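Encoded as structure tokens, the structure appears first; notes follow it.
No experiment lies behind these values; they were computed from the predicted model shown. Residue numbering restarts at 1 for every chain, and letters A, B, ... go by the order of the sequence lines.
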Amino acid sequence: MREVLFEELGLTPQKKTKTGYSTDAASLEKIKDQHEIVTVLLEYREVEKLRSTYGQGLLDVADSDGRIRATFNQTVARTGRLSSEEPNLHNIPVRTPLGREFRKAFVPVEGFELLVADYNQIELRVIAHLAEDPGLIGAFEAGVDIHNATAASIFDVDPDDVNVEQRSQAKMVSYGLAYGMEAYGLGQRLGIETGEAAEILKAYFAAFPAVKSFMDDIVEQTKETGYTETIFGRRRPIPDLTSPNFRVRQAAERQAMNAPIQGLAADIFKIALVEIDRSLTNMSAQSRLVLQVHDEVILEVHPDESNAIKTMTIENMKNAAELRVPLEVNVATGPSWAQAKA
DNA sequence: TGGATCTGCCAC
DNA sequence: AAACGTGGCAGATCCA
Ligand SMILES: Nc1nc2c(ncn2[C@H]2C[C@H](O)[C@@H](COP(=O)(O)OP(=O)(O)OP(=O)(O)O)O2)c(=O)[nH]1
Ligand SMILES: [Mn+2]
Ligand SMILES: [Mn+2]
């Protein structure tokens, strides 16, 4: 593709990879108007990704009883998250309408429904707790949805008019900035000028002043000990903090910022998951756990148990840890993963 | 034919 | 890619 676009058609290269000019989606978006094939290629990329990875890929691994059984690795992700392989059930599409179609294929066994419970703004709550940031804590006490507020601010729309895609983008901005994203990277991702991105960054840390100092402290502390540690005691060594290579060292600093947060969120979620499992046993429930996705749990629920299981799941998740801000859970039920959305 | 690497892209 | 973090998978390419 690189050869066709940049040599044969002579389109304008945007950025480079290790081996030549990049043809990734962000680059193609910028040269759409130079040749009609670019839009076609973008559409092909989207459809082929979905067809190969999720269409054929999932059909290939589905068992004869209609279930898909993945391997959940407990010692792969360095932060304490699980990972899922063969297949990866942690990256089933949700962000585009066409991609979301695949979630309709995840259904409960006959006579049951799916219950989906996902922590609300989980890592922002963890940051609020660890950084003791007055802006974040105040927002959570007031019941503010920060992803929504951030979206309203960066896209200049009324908070009530924020759509799903905008909130999703704002999520990326919120976590990106918290974990060391710079104005340049923010501009690239939003498709705006670096200067404009710098204004967004400035506004973010003005609203949440303690986040920056917390991140600086974490990096300093990690340089001294050589590892990060969650409040439950999960340690991650970060030896690259002393690398002579600037790039490697910078990357290590961002890992040090992220690991205690993502790690604590993983600790909390795992505690909740074990408690949910214990409760199901204690209740002698017919309902069962079928999947987890980092801060989300999916249960196959018998209608007779629906209310009890819903209450039990929410309570276990909210009470898995006691932070300076409340833990909140979004929960929904439905006949498929796609439809179990509040 | 198959392993290793690279690019690109899906999710949290 | 110097430029949020954590993952896994498909396809192309290079090479044995
Ligand atoms: N560094 C980073 N972390 C992310 C990103 N997306 C998701 N995460 C992490 C932080 C989130 O708290 C966690 C769970 O993802 P969710 O999609 O459930 O988002 P969150 O819980 O923040 O918001 P929610 O209220 O559930 O929509 O995964 C990202 O783009 N960058
Ligand atoms: Mn969540
Ligand atoms: Mn989630």
Looking at R95(A), does any N or O in its side chain come under 4.0 Å of the phosphate oxygens OP1/OP2 on dC12(B)? yes

So, is S22(A) close to the dA1(C) phosphate, meaning a side-chain N or O under 4.0 Å from OP1 or OP2? no

On the nucleotide dC6(B), are OP1 or OP2 found under 4.0 Å from the side-chain N or O atoms that K18(A) carries? yes

Phosphate-side-chain proximity, N73(A) and dG8(C), N/O vs OP1/OP2 below 4.0 Å: yes

Which value, in whole Å, describes the distance between the P atoms of nucleotides dA2(C) and dT7(B)? 12 Å

Respond yes when some side-chain nitrogen or oxygen of R78(A) is under 4.0 Å from OP1 or OP2 of dG7(C), and no when none is. yes

Counting the atoms with a prime plus P, OP1 and OP2 as sugar-phosphate, which does E86(A) contact under 4.0 Å by heavy atoms, base, sugar-phosphate, or nothing? sugar-phosphate

As a test of reading the structure: which of dG5(C), dC4(C), dT7(B) is closest to the side chain of N258(A), going by heavy atoms? dG5(C)

From OH of Y175(A) across to C1' of dC4(C) the rounded distance in Å is 12 Å

Is Q262(A) touching bases, backbone alone, or none of the nucleic acid, heavy atoms closer than 4.0 Å? base

Counting the atoms with a prime plus P, OP1 and OP2 as sugar-phosphate, which does Q56(A) contact under 4.0 Å by heavy atoms, base, sugar-phosphate, or nothing? nothing

When the distance from CG of D295(A) to P of dA11(B) is rounded to whole Å, what number comes out? 15 Å

Determine the contact category for A25(A): base if any of its heavy atoms lies under 4.0 Å from a base atom, sugar-phosphate if only primed atoms, P, OP1 or OP2 are that close, otherwise nothing. sugar-phosphate

Both T53(A) and T79(A) contact DNA chain C. Taking the nearest nucleotide for each, which residue is further toward the 5' end? T79(A)

Rounded to whole Å, please give me the gap between CD in E253(A) and C1' in dG5(C). 14 Å

Which whole-number value in Å describes the distance from E123(A) CD to dA11(B) C1'? 13 Å

Less than 4.0 angstrom between a side-chain N/O of R45(A) and OP1 or OP2 of dG8(B), yes or no? no

Value in whole Å for how far the C1' atom of dC12(B) lies from CE of M172(A): 12 Å

Mind checking G176(A) for me? I need base, sugar-phosphate or nothing, with any heavy atom below 4.0 Å counting as a touch. base

May I ask you to say what V94(A) touches in the nucleic acid, namely base, sugar-phosphate or nothing, with a heavy-atom cut-off under 4.0 Å? sugar-phosphate

I want to check one thing: is the phosphate of dA3(C), taken as OP1 and OP2, less than 4.0 Å away from some side-chain N or O of R247(A)? no

Round to a whole Å and report the spacing from CG of L58(A) to C1' of dA10(C). 13 Å

Roughly, in whole Å, what's the span from CG in N88(A) to P in dG7(C)? 12 Å

Please work out if K16(A) contacts a base, only the sugar-phosphate, or nothing of the nucleic acid, heavy-atom cut-off 4.0 Å. sugar-phosphate

Between dC9(B), dG5(C), dG7(C), spot the one nearest the side chain of N91(A), thanks. dG7(C)

Base, sugar-phosphate alone, or nothing: which one does K171(A) contact when heavy atoms must sit under 4.0 Å apart? nothing

Quantified in whole Å, what is the C1' atom distance between nucleotide dA3(C) and nucleotide dA4(B)? 28 Å

Is S84(A) close enough to dG7(C) that one of its side-chain N or O atoms is under 4.0 Å from OP1 or OP2 there? no

Q250(A) CD to dA1(C) P, in whole Å, measures 18 Å

R254(A), nearest nucleotide to its side chain (from dT7(B), dA10(C), dA3(C)): dA3(C)

Side-chain N or O of R51(A) less than 4.0 angstrom from OP1 or OP2 on dG11(C)? yes

Base, sugar-phosphate, or nothing: which does M257(A) touch, judged by heavy atoms less than 4.0 Å apart? nothing

I want to verify a distance call: between dG8(C), dA1(C), dC12(B), whose nearest atom is closest to the K15(A) side chain? dA1(C)

